[in-house]
Enquirer: 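Starting off with a structure, shown below.
Note that this is a predicted model, so its numbers are computed, not measured. Throughout, a chain's letter reflects where its sequence line sits, starting with A, and its residues are numbered from 1.
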Number of protein chains: 2
Amino acid sequence: MQNLLSNLKITINEKLYVKDPETSELGRNILKNSILLMDEIGFEAFTFKKLGEKIQSNESSIYRYFENKHKLLVYLTSWYWSWMEYRMVFVTTNIANPVEKLEKAIKLVTENVADDHATPHINEEILNRIIVEEFTKTLMTKEVDNENKEGFFLVYKRVINRIIEIIKEVNPEYPFAKSLASSIVEGALHQHFLKNHLKTITNLSEKDCATDFYTDMAKKILL
Amino acid sequence: MQNLLSNLKITINEKLYVKDPETSELGRNILKNSILLMDEIGFEAFTFKKLGEKIQSNESSIYRYFENKHKLLVYLTSWYWSWMEYRMVFVTTNIANPVEKLEKAIKLVTENVADDHATPHINEEILNRIIVEEFTKTLMTKEVDNENKEGFFLVYKRVINRIIEIIKEVNPEYPFAKSLASSIVEGALHQHFLKNHLKTITNLSEKDCATDFYTDMAKKILL
DNA sequence: ACATATTGATAGTATTACTATTATATTTGC
DNA sequence: GCAAATATAATAGTAATACTATCAATATGT
């Protein structure tokens, strides 16, 4: 089956870039290699100069696409959550049973991620590692309130809102639907971080994912 | 009642500092004002130069206490979790009923924090804000595995392990005690972050704390 | 009073995070 | 096919950061 994404383009908030990187070879190269380089050396050590060397291009050319590395990271994470939202809609549409719908949504945000070949310049498996290791840094800045107003985190909130709605379908009486949904999405990332680095305080081991833990949690809380 | 902490000194991993800041006036001044300055301008904008100006001391003098701002932040967060552990032991000792014990432990890690006047140079209310906004940054670095080996996160893990043990007492059959404990501790910080910045995806509002949400969660999962 | 430790002041370095300018390709429009 | 527009590359430069090193001033302990 041909994946719909081959034809659809993921749209990202225009304020996140100076020039749309999806519209040129260099732009797509920046996206592809910024994912690889960030995964390799981490967000703190990542610089536009090093990225320029990696793609045999110039620092100044990269600045024509992105104002700074923070916005590039927000761009990449927005891309990830957009991709996640697209898959969530796909997987939950036409499912009549709300519990089944919730199970599918939870599975999606908690399972291990593999590359989606429909997007040749984005490796989702590696991008997922960046989300696990760096995503909270996009939020935890002194500019978060302004950036939130500018809509930088809309896609992320939309993914969580979709889960909130499903939770409400499953149990309209439950008073903490929002907190439960945001806990699952953020918590799953955190459990994956722990399984990689602080193994003694998580039950997940190397190849596990967080699906069982959160499915069990949601069912016991809501049913 | 005189708080025990007035007499007890919180011990921090020696690898986190060059010279123990609790042993001099300047050291305690660095601790006190680094908390104030980080809260004010955020960890990214925080520099030893600015801190030096704030305490009318010199950048180079601060470097004699801490190698860099990352280690200072790890020091402050270790201090916080030590203080939390001390209070947790205090609050859970001699409670026979495991469920009551768990409730008290959850309350402690999820409630809003007020200043503890037993520690004149540390303002715990402000330090808690720093934990909410910056704690994950101490973990999410490329050095996390080495620093974990050096014991930088021992106190944090110890707090979580105490909760794991209580969860096991409440329900020895539950298979995800570790993930549940780490979810509660990290998740509570995250919910507090959301209530301050991304209010639409949490049920907590301004003066709420995460206690009700997590107490309800733990009971439904374990009982 | 004198040795020792602590702090302060200054200077210096490499790197980062940009901005500006100019030159050189490449594309496109007619 | 050629001029005009656009994109990219190369270079230089600036202010700030994250330190290190040195030396002077001051306080403390015996």
Side-chain angles (χ1 to χ4, degrees), chain A residues 14-34 37-38 40-76 121 134 137-138 140-143 146-147, chain B residues 14-34 37-38 40-76 121 134 137-138 140-143 146-147:
Chain A
E14 289 185 10
K15 287 171 185 155
L16 288 173
Y17 51 79
V18 182
K19 183 186 166 174
D20 185 350
E22 296 270 7
T23 61
S24 76
E25 201 53 40
L26 177 61
R28 286 184 294 270
N29 227 260
I30 290 172
L31 297 181
K32 178 177 180 173
N33 286 282
S34 61
L37 187 57
M38 263 188 216
E40 204 181 304
I41 64 176
F43 182 68
E44 274 68 39
F46 176 94
T47 68
F48 282 179
K49 192 164 189 190
K50 288 175 190 164
L51 179 59
E53 280 157 28
K54 192 180 177 80
I55 63 177
Q56 314 224 73
S57 177
N58 198 277
E59 201 189 356
S60 63
S61 304
I62 299 165
Y63 275 104
R64 265 185 228 101
Y65 286 85
F66 292 100
E67 270 177 61
N68 52 53
K69 68 175 181 174
H70 169 73
K71 285 196 175 176
L72 169 56
L73 180 60
V74 179
Y75 181 99
L76 293 174
H121 59 296
E134 325 280 6
K137 293 177 196 167
T138 64
M140 304 211 165
T141 71
K142 276 284 160 184
E143 291 75 40
N146 284 327
E147 295 187 349
Chain B
E14 288 184 10
K15 286 169 185 155
L16 288 173
Y17 50 79
V18 183
K19 182 184 167 176
D20 186 350
E22 296 271 8
T23 61
S24 76
E25 200 55 37
L26 177 61
R28 285 183 294 270
N29 227 259
I30 289 171
L31 296 182
K32 178 177 181 176
N33 286 282
S34 61
L37 187 57
M38 265 189 216
E40 204 181 304
I41 65 177
F43 182 68
E44 274 68 40
F46 176 94
T47 67
F48 281 180
K49 191 163 189 193
K50 288 175 191 165
L51 178 60
E53 279 157 27
K54 194 180 175 79
I55 63 178
Q56 314 224 73
S57 176
N58 198 276
E59 201 188 356
S60 62
S61 305
I62 299 164
Y63 275 105
R64 273 187 213 102
Y65 285 85
F66 292 100
E67 270 178 60
N68 51 52
K69 69 176 179 172
H70 169 71
K71 286 196 174 174
L72 169 55
L73 181 59
V74 179
Y75 180 100
L76 293 174
H121 60 297
E134 325 281 5
K137 293 176 195 166
T138 63
M140 305 212 165
T141 71
K142 276 285 160 185
E143 291 75 40
N146 284 327
E147 295 186 350

Enquirer: Answer with base, sugar-phosphate or nothing: what part of the nucleic acid does A:S61 contact at a heavy-atom distance below 4.0 Å?
Expert: base

Enquirer: I need the single residue from B:E147, B:E143, B:K137 that forms a side-chain contact (heavy atoms from CB on, under 4.5 Å) with B:H70. Which is it?
Expert: B:E147

Enquirer: Between which nucleotides of DNA chain D, 5' to 3', does chain A make heavy-atom contacts below 4.0 Å?
Expert: D:dA7 to D:dT11

Enquirer: Measure the acute angle between the ring planes of B:F46 and B:F43, then classify it against the limits of 30° and 60° as parallel, tilted or perpendicular.
Expert: parallel

Enquirer: Considering every strand and a 4.0 Å limit on heavy-atom distances, what is the contact class for B:K49: base, sugar-phosphate, or nothing?
Expert: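 Nothing: the residue B:K49, judged by heavy atoms under 4.0 Å, touches no strand.
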
Enquirer: Hey, what do you get for CZ (A:F48) to CD (A:E53), rounding to the nearest 0.5 Å?
Expert: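 So the gap between those two atoms works out to 14.0 Å.
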
Enquirer: Counting any heavy atom closer than 4.0 Å, what does A:S60 reach on the DNA or RNA strands: base, sugar-phosphate only, or nothing?
Expert: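 Result for A:S60 = base.
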
Enquirer: Where each residue is assigned the nucleotide of DNA chain C containing its nearest heavy atom, which of B:E59 and A:K50 is assigned the position nearer the 5′ end?
Expert: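 Whichever sits nearer the 5' end wins; that is B:E59.
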
Enquirer: Quick one: pull up CD in B:E40 and NZ in A:K142 and give me the separation to the nearest 0.5 Å.
Expert: 8.5 Å

Enquirer: Could you grab the distance from atom CG of A:N68 to atom CG of A:L73, nearest 0.5 Å is fine?
Expert: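 Separation between the atoms: 10.5 Å.
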
Enquirer: Are B:L76 and B:E134 packed together at the side-chain level, in the sense that at least one heavy-atom pair is separated by less than 4.5 angstrom?
Expert: no

Enquirer: Minimum heavy-atom separation for A:S34 and A:L51, please, with both atom names.
Expert: N-CD1, 3.7 Å

Enquirer: Hey, does A:F48 reach any base, or is it just sugar-phosphate, or nothing, if we go heavy atoms under 4.0 Å?
Expert: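 Nothing: the residue A:F48, judged by heavy atoms under 4.0 Å, touches no strand.
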
Enquirer: Name the one of B:E22, B:R28, B:E25 that satisfies side chain to side chain donor-acceptor pair (under 3.5 Å) with B:H121?
Expert: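 Exactly one option meets the side chain to side chain donor-acceptor pair (under 3.5 Å) with B:H121, and it is B:E22.
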
Enquirer: CD1 of B:I55 to NZ of B:K32: how many Å apart, nearest 0.5 Å?
Expert: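 If we round to the nearest 0.5 Å, B:I55:CD1 and B:K32:NZ are 11.5 Å apart.
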
Enquirer: Give, for atom OH of A:Y65 and atom CG of A:L26, the distance between the pair rounded to the nearest 0.5 Å.
Expert: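 The OH atom of A:Y65 sits 4.5 Å away from the CG atom of A:L26.
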
Enquirer: How would you give the extent of chain A contacts on DNA chain C, as first and last nucleotide 5' to 3' within a 4.0 Å heavy-atom cut-off?
Expert: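 With heavy atoms of chain A under 4.0 Å away, the range is C:dT16 to C:dA20.
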
Enquirer: Which residues in residues 64-73 of chain A have a heavy atom closer than 4.0 Å to any atom of DNA chain D?
Expert: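 By residue number: A:R64, A:Y65.
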
Enquirer: Once rounded to the nearest 0.5 Å, what's the spacing between atom CG of A:L31 and atom CZ of A:F66?
Expert: 5.0 Å

